[in-house]
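For ligands, and for the atoms within them, numbers begin at 1 and follow the listed sequence. Reckoned from all heavy atoms, side chains included, excluding hydrogens, waters and symmetry mates.
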Amino acid sequence: MADIIQLLPDSVANQIAAGEVIQRPASVVKELLENSIDAGATSVKLVVKDAGRTLIQVIDNGCGMSETDARMSFERHATSKIKAAADLFALHTKGFRGEALASMAAIAHVDLKTRRHDDELGTQIIMEGAEVISQEPVSTAAGTSFSIKNLFFNVPARRNFLKSNQVEMRHILEEFQRVALTHPEVEMVLLHNDNEVLNLPIGSLRQRVVGIFGKSHNQRLVPVDEATDIVRITGFVSKPEFARKTRGDQYFFVNRRFIKSNYLHHAIRNAFEGLIPSGHHPTYFLYLDIAPDAIDVNIHPTKTEIKFEDERAIYAIIRSAVRQSLGKYNIAPSLDFEQETSFNVSSKEPSELRAPAIHINPDYNPFESEKSTSSTASSTPAPKKESTKGWEEMYQISKDFDQATAAATEVEIEVEETTETTQQVISSNWDEQEKEATATRLTVQLHSRYILTSIKSGFMLLDQHRAHQRILFERLMNAMANQESSSQQQLFPETIELSASDFSLMKEMEEDITALGFDIAEFGKNTYVINGIPADAGDDSPVHLLEALLEQYKLNSDELKIDRREHLARVLSRNMAIKPGKHLGAMEMGQLVDELFGCEIPYYTPAGKPVVVTYTLEELEKRFEQ
Ligand code: ADP
Ligand code: MG
């Protein structure tokens, strides 16, 4: 039988390799940007069209390539960065595998223009599916420009696997940011569909962080700086009060390479222990400088994992460095751990706690006068009466008693009528006796948090925050379904400046947010102006509301497979709902109870938490039994 094993043609081998190196447009971005940095560029520009589907171009002012090198650069395992295996342990460059360009050429149309600074003419090479289409001298700026067009044109499976433009753009941004965060000495610009998304001039690391994530980061971060024999740690961590519920901006760089490490992440968490509530995450940008021979970066093809020779020591050093910084900058734990969302931390003082207002008149005697019988709960204090004796007075009392009974019957009749009208508003799942209670309702606020109200079969406790959440949620859902969200226009519209990635996320949500009653518009770079907010938003700050939506959206978008709008309505209702600690008047409480039981599902919050707890008379009797 004939031998059957043969060597794969280069084009096929490259395509297979490409599968590993280039998974999505963001992978191209990463490889090209890293090549530019390795080439010593001081200015790098990334131009993206349609989230990288049609074009990814990186233009740098680095060293450029000779004609031969330009051609060689597309060969697999062709690299200028290492020569022998030993070099792997002394890496100072980002690339070293010599695979990236070969891979790109196999699955896209590539247009390379490059010129070394001392050469007069440069070289242009056009590749398609690993074939050289043309190679010519060209007059071009010193440095290199790679254009990658029609990515995955010959790999339909990959192309179809791509997510929405917004998602792909987010990945691109993430890669761009990772490079930008390690090279503040390089000017970096990002354009998407001709819009300037980021423009980062050369500056300090702090300026770079602020340039990417927005000015608000400036006062949130404290520096970390610690040098030991085995590692030097620099960078920033967030002050504990700015910890968030999303595990968002957390960056570890080792020798200027972005890495992921749960182990080291744990070291930081550990340093923050006791300073932030559980479930919250600090922001950090930490840079480890370590001798190249003490790490192995070669264990993962996309190189975001790393092996340290002395992991435990590094853990301990990170932990103590972060602890020290937090201590040095005198950061006291000042958080309210009870907050339900990270967003609740508002500048406003919570309204002061008040004891429930129950007015009891110890001298109240229902037989005293007609007047007092008709007002039950909030009786006006009756003047103290001298003790009465004698027939006349006896007679008087008995007469009063009759009148009182008559008045009481009247009250009952009134109740019936009220119930009639209320009934129309109250939905069917609210049973008869409870409806009646709504009408004669006595409400008491307990600990500025719960509302106690009596029902015929006993009494109920409502969680005011959750009840309001349910009401707002259903209102928002209905409004969206009927496309009639009402919004209150802002007299002084606020602007919200976002990081580039949050900005693209906001764009993703814009339509839904508008449906909820927000009136927002793009307002310059990475900024939105908030012209209107949902009518029910109360006195919460519009910026806070939007931030909460973003935050929670990021947090839950991967976990919850519920409808996107429903999710937003949940988040928004939670943030708009009256908070625990807010004092409510009788009218407000009454309205809340009415509206709650006008809801489709009054007993649970949109997230399924109980809103109402009922105590029956039977239960109460049992508890009083000996
Ligand atoms: P690697 O970066 O692992 O060496 P690549 O396939 O990414 O492999 O690049 C191959 C070679 O092409 C590099 O080693 C470098 O010599 C050259 N090269 C790539 N991009 C640039 C650039 N922007 N400027 C100068 N040379 C470059
Ligand atoms: Mg490379």
ask   = If hydrogens are left out, which of Gly98, Cys63, Ala70 has an atom nearest to atom 1 (P) of ligand 1, that is, the closest non-hydrogen atom?
value = Gly98

request  = Look at the N, O or S atoms of Asn35, main chain and side chain alike, and state whether any lies under 2.8 Å from the Mg ion (ligand 2).
outcome  = yes

ask   = What atoms in ligand 1 come closer than 4.0 Å to a heavy atom of Thr79?
value = 1 (P), 4 (O), 14 (O)

task = Classify the side-chain pair Arg269/His281 by whether it contains a donor and acceptor separated by less than 3.5 Å.
result = yes

request  = Return yes or no for this condition: an N or O of Ala102 is under 3.5 Å from an N or O of ligand 1.
outcome  = no

Part of Ala78 with heavy atoms under 4.0 Å of ligand 1, whether side chain, backbone, both or neither = backbone

message = Check this for me - ligand 1, Asp60, N or O atoms closer than 3.5 angstrom, yes or no?
response = yes

message = Heavy-atom contact check, 4.0 Å cutoff: does Gly62 meet ligand 1?
response = no

task = Run the numbers for me: atoms of ligand 1, each under 4.0 Å from some heavy atom of Ser73, listed by number.
result = 10 (C), 12 (O)

query = Would you say Met65 touches ligand 1, if touching means a heavy atom closer than 4.0 Å?
reply = yes

inquiry  = Under a 3.5 Å cutoff, is there a donor and acceptor pairing between the side chains of Arg244 and His280?
reply    = no

ask   = For residues Thr123 and Glu136, is any side-chain donor paired with an opposing acceptor at under 3.5 Å?
value = no

ask   = Can you check whether Glu31 has an N/O within less than 3.5 Å of an N/O in ligand 1?
value = no

key: Quiz item: cation-pi between Arg178 and Phe258, 6.0 Å / 45°   = yes

query = Does Phe74 have a heavy atom less than 4.0 Å from any atom of ligand 1?
reply = no

inquiry  = Can you name the atoms of ligand 1, numbered from 1 with element, that are less than 4.0 Å from a heavy atom of Phe146?
reply    = 20 (N)

inquiry  = Between Glu273 and Asn270, do the side chains contain a donor N or O and an acceptor N or O under 3.5 Å apart?
reply    = no

message = Heavy-atom distances under 4.0 Å decide this one: backbone, side chain, both or neither, for Thr144 against ligand 1?
response = side chain

ask   = Angle class for the Phe146/Phe74 ring planes (parallel below 30°, perpendicular above 60°, tilted otherwise)?
value = perpendicular

task = Please state which part of Ala100 comes within less than 4.0 Å of ligand 1, counting heavy atoms only: side chain, backbone, both or neither.
result = both

query = Does the separation of the ring centres of Phe153 and His109 fall below 6.0 angstrom?
reply = yes

ask   = Is the centre of the Tyr263 ring less than 6.0 Å from the centre of the Tyr315 ring?
value = yes

message = Determine whether Leu205 and Phe236 satisfy the following criterion, side chain to side chain contact (heavy atoms under 4.5 Å, CB included), listing intermediate values before the conclusion.
response = CA-CA 9 Å; Leu205 180 59; Phe236 300 99; 3.9 Å; yes

